[in-house]
**Student:** 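This structure is in structure tokens; I'll ask about it shortly.
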Amino acid sequence: MEKNVILSARDIVVNFRVRSRILTAIRNVSVDLIEGETLAIVGESGSGKSVLTKTFTAMLDENGTVSQGKIFFEGRDLLTIKNNKEWEQIRGAKIATVFQDPMTSLNPIRTIGSQITEVIIKHQKKSKGEAKNMAIDLMNKVGIADAEERFDEYPFQYSGGMRQRIVIAIALACHPKILICDEPTTALDVTIQAQIIELIKSLQKDFGFTTVYITHDLGVVASVADKVAVMYAGQIVEYGTVEDIFYDSKHPYTWALLSSLPQLGIKGQFLFSIPGTPPSLYNEVKGDAFAPRNPFALKIDYEEEPPFFQISETHFAKTWLLDPRAPKTEMPEFIRNLHDKISKKVAVGGDFYVQ
């Protein structure tokens, strides 16, 4: 059965004015969110992951503008909405975000319960009593023990993992259709990270929302994603199912990211790192942005931007290596049979796993 596209972004360009210069953070990006699925967006810091999703909720910084493109959601182009009151009916209510540091999302001088009930009263028009019961129910759902007793406590009385659970509860208070998780486990220790990831997966089954997971941790991607978008220098350079990306990736940047997995490290040897740095997005990028760091780069990579080549119904990559005229280039030996290598790591207690 074919699933519905719940949000469709087309040809998005985002510019930031920094002093007297223009930085193009997103360069002609198109992506679809499929109802009920999880899309993971991965890439190095500065690749545009968070900026892209902020366009879905009009949360760009004041110096940022979407200068081109369309974002279709529920039959309308979100980029035509200029009224903040209209945005309030979408932001939080239908498209909610969980950020990486819960303390920046919670008011330190207000009780936990009041922060959840405020959202319920505002968006669901419930009475205070009804909102309190709903809030306690949500606190239980996200794993807060003794929720009724802890309802009137303050954020400083909660641990980091518990605060993140409360932020998730607030995000879910309006039963959003899309939940954007912007590196929600980065500030937490490994054990708590695993709990939060499992919580989001469990809640997605219960509530049926679509999830966008922004992360640089490919271990997380393997455990949560249905589809993966790999971003580099403001563009999606490869898109596919989690199996496509981990076991049959085609873009040299994806190969480099997979080679950087700490779980593939060998005792006594240096971990792989990608040489060089991403290009400055203040300047127009000529050719393939990854070319200067790409050991497989062709002459054309420095001259012309590659198109998206379709590998299968679910898999696309933006690299000249897929052009029929290009020399045949295989995935590096180091990351072949990744499943077997990962499984061995799991067997000795590694924290990386693939479903």
Side-chain angles (χ1 to χ4, degrees), residues 1 3-4 6-7 33-42 53 92-102 105-106 112-113 115-117 119-120 123-124 133-151 155 158-215 217-228 241-243 246 342 346 350-355:
M1 183 174 139
K3 294 185 178 179
N4 295 325
I6 191 167
L7 182 146
L33 304 186
I34 308 299
E35 190 173 9
E37 288 191 349
T38 296
L39 171 69
I41 305 177
V42 302
T53 57
K94 294 182 178 179
I95 306 176
T97 305
V98 175
F99 295 104
Q100 64 175 271
D101 183 0
S105 303
L106 296 172
I112 291 293
Q115 296 186 61
I116 303 174
T117 55
V119 175
I120 295 170
H123 290 287
Q124 297 200 42
N133 290 335
M134 290 174 71
I136 290 170
D137 183 53
L138 273 170
M139 290 172 70
N140 283 316
K141 275 191 168 68
V142 299
I144 303 295
D146 305 315
E148 197 162 353
E149 289 76 20
R150 305 204 68 178
F151 182 84
Y158 282 61
S159 67
M162 290 296 105
R163 287 194 291 263
Q164 193 62 292
R165 289 170 186 267
I166 293 300
V167 171
I168 293 168
I170 292 171
L172 295 179
C174 297
H175 298 252
K177 294 185 176 181
I178 298 171
L179 182 68
I180 299 169
C181 299
D182 193 346
E183 307 217 31
T185 62
T186 300
L188 306 173
D189 66 53
V190 173
T191 306
I192 305 300
Q193 280 184 20
Q195 292 175 9
I196 296 296
I197 290 166
E198 286 304 316
L199 172 64
I200 293 170
K201 288 168 66 177
S202 172
L203 292 169
Q204 185 175 17
K205 286 180 183 174
D206 291 344
F207 288 89
F209 52 80
T210 299
T211 307
V212 181
Y213 217 106
I214 300 167
T215 183
D217 186 337
L218 285 168
V220 170
V221 171
S223 67
V224 303
D226 297 300
K227 304 280 174 55
V228 183
T241 66
V242 69
E243 290 83 9
F246 276 83
I342 291 166
V346 171
D351 62 353
F352 182 96
Y353 63 98
V354 176
Q355 291 183 313

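For reference, positions follow the sequence shown, starting with 1.
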**Student:** For Gly161 and Ile192, work out which heavy atoms get closest and say how close.
**Tutor:**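 So the two residues come closest at CA-CG2, 3.5 Å.
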**Student:** Would you confirm whether Arg163, through its side chain, and Pro155, through its main-chain N or O, come within 3.5 Å as a donor-acceptor pair?
**Tutor:**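 Yes, Arg163 side chain to Pro155 backbone: donor-acceptor pair under 3.5 Å.
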**Student:** Grab the two heavy atoms, one from Gln204 and one from Glu37, that are nearest each other, plus how far apart they are.
**Tutor:**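 Taking every non-hydrogen atom into account, NE2-O, 3.4 Å.
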**Student:** Drop me the distance from Asp146's CG to Ile136's CD1, to the nearest 0.5 angstrom.
**Tutor:**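 With rounding to 0.5 Å, CG (Asp146) is 11.5 Å from CD1 (Ile136).
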**Student:** For Gly36, is there any backbone N or O sitting under 3.5 Å from a side-chain donor or acceptor partner on Thr210?
**Tutor:**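 Yes; judged by distance alone, with no hydrogens or angles, the pair exists.
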**Student:** Contact between Leu218 and Phe246 at the side-chain level, heavy atoms closer than 4.5 Å - yes or no?
**Tutor:**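 Result yes, sub-4.5 Å side-chain heavy-atom pair found.
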**Student:** If you apply the rule side chain to side chain contact (heavy atoms under 4.5 Å, CB included), what do you find for Phe207 with Leu179, and how did you get there?
**Tutor:** CA-CA 11 Å; Phe207 288 89; Leu179 182 68; over 6 Å; no
**Student:** Are any side-chain N or O atoms of Ser202 and backbone N or O atoms of Glu198, one a donor and one an acceptor, separated by less than 3.5 Å?
**Tutor:**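 No, because the side chain of Ser202 does not come within donor-acceptor range (under 3.5 Å) of the backbone of Glu198.
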**Student:** Does Val167 reach the side chain of Phe99, with side-chain heavy atoms less than 4.5 Å apart?
**Tutor:**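 Contact flag for Val167/Phe99 side chains = no.
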**Student:** Hey, what do you get for NE2 (His175) to CG (Leu138), rounding to the nearest 0.5 Å?
**Tutor:**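 So the gap between those two atoms works out to 6.5 Å.
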**Student:** Measuring from Ile41:CD1 to Thr53:OG1, what's the distance to the nearest 0.5 Å?
**Tutor:**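 Spacing of CD1 (Ile41) from OG1 (Thr53) equals 6.0 Å.
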**Student:** What is the minimum heavy-atom distance between Ala171 and Ala96, and which atoms define it?
**Tutor:**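 Closest approach of Ala171 to Ala96: O-CB, 3.4 Å.
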**Student:** Could you pull out the closest heavy-atom pair between Ile197 and Ser223, with the gap in Å?
**Tutor:**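 Taking Ile197 first and Ser223 second, the nearest heavy atoms are CG2-OG, 4.0 Å.
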**Student:** So Ile196 and Ile168, do their side chains get closer than 4.5 Å, heavy atoms only?
**Tutor:**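 They are in side-chain contact.
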**Student:** Using modelled atom types only, decide if a donor and an acceptor are shared between the side chain of Gln164 and the backbone of Pro184 within a distance under 3.5 Å.
**Tutor:**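 Looks like yes, one N/O pair under 3.5 Å.
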**Student:** Can you give me the closest heavy-atom contact between Ala40 and Ala225, atom names plus distance?
**Tutor:**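 The pair with the smallest heavy-atom distance is CB-CB, 3.7 Å.
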**Student:** Could you state the interatomic distance from OH (Tyr213) to CG (Asp182), rounded to the nearest 0.5 Å?
**Tutor:**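 Spacing of OH (Tyr213) from CG (Asp182) equals 10.5 Å.
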**Student:** Does a side-chain heavy-atom distance below 4.5 Å link Val220 with Val42?
**Tutor:**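 Val220 does not reach Val42 side chain to side chain.
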**Student:** Determine whether Phe209 and Ile6 make a side-chain contact, defined as any pair of heavy atoms from C-beta on separated by less than 4.5 Å.
**Tutor:**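 SC-SC contact between Phe209 and Ile6 ruled out.
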**Student:** Considering only heavy atoms from C-beta outward, does the side chain of Ile112 approach that of Arg150 to under 4.5 Å?
**Tutor:**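 The answer is no, as the side chains (C-beta and beyond) never meet within the 4.5 Å cut-off.
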**Student:** Report the distance from atom CG of Leu203 to atom NZ of Lys141, rounding to the nearest 0.5 Å.
**Tutor:**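 Reported value, rounded in 0.5 Å steps: 9.0 Å.
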**Student:** Are more than 12 heavy atoms, taken from residues, nucleotides or ligands other than Gln124, located less than 6.0 Å from that residue's CD atom?
**Tutor:**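 Counting neighbours around CD of Gln124, more than 12 heavy atoms of other residues, nucleotides or ligands fall under 6.0 Å, so yes.
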**Student:** Mind listing the closest non-hydrogen atom pair of Ala135 and Thr117 along with its distance?
**Tutor:**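 Closest approach of Ala135 to Thr117: CB-CG2, 3.8 Å.
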**Student:** Taking atom CD1 of Ile95 and atom CG of Leu33, what is their separation to the nearest 0.5 Å?
**Tutor:**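 It is 8.5 Å, given to the nearest 0.5 Å.
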**Student:** Should Ile200 and Val224 count as side-chain neighbours, where that means a heavy-atom distance under 4.5 Å?
**Tutor:**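 Sidechains of Val224 and Ile200: no contact.
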**Student:** With a 4.5 Å heavy-atom cut-off, do Met139 and Ile166 have their side chains touching?
**Tutor:**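 Of all side-chain heavy-atom pairs linking Ile166 with Met139, at least one is under 4.5 Å.
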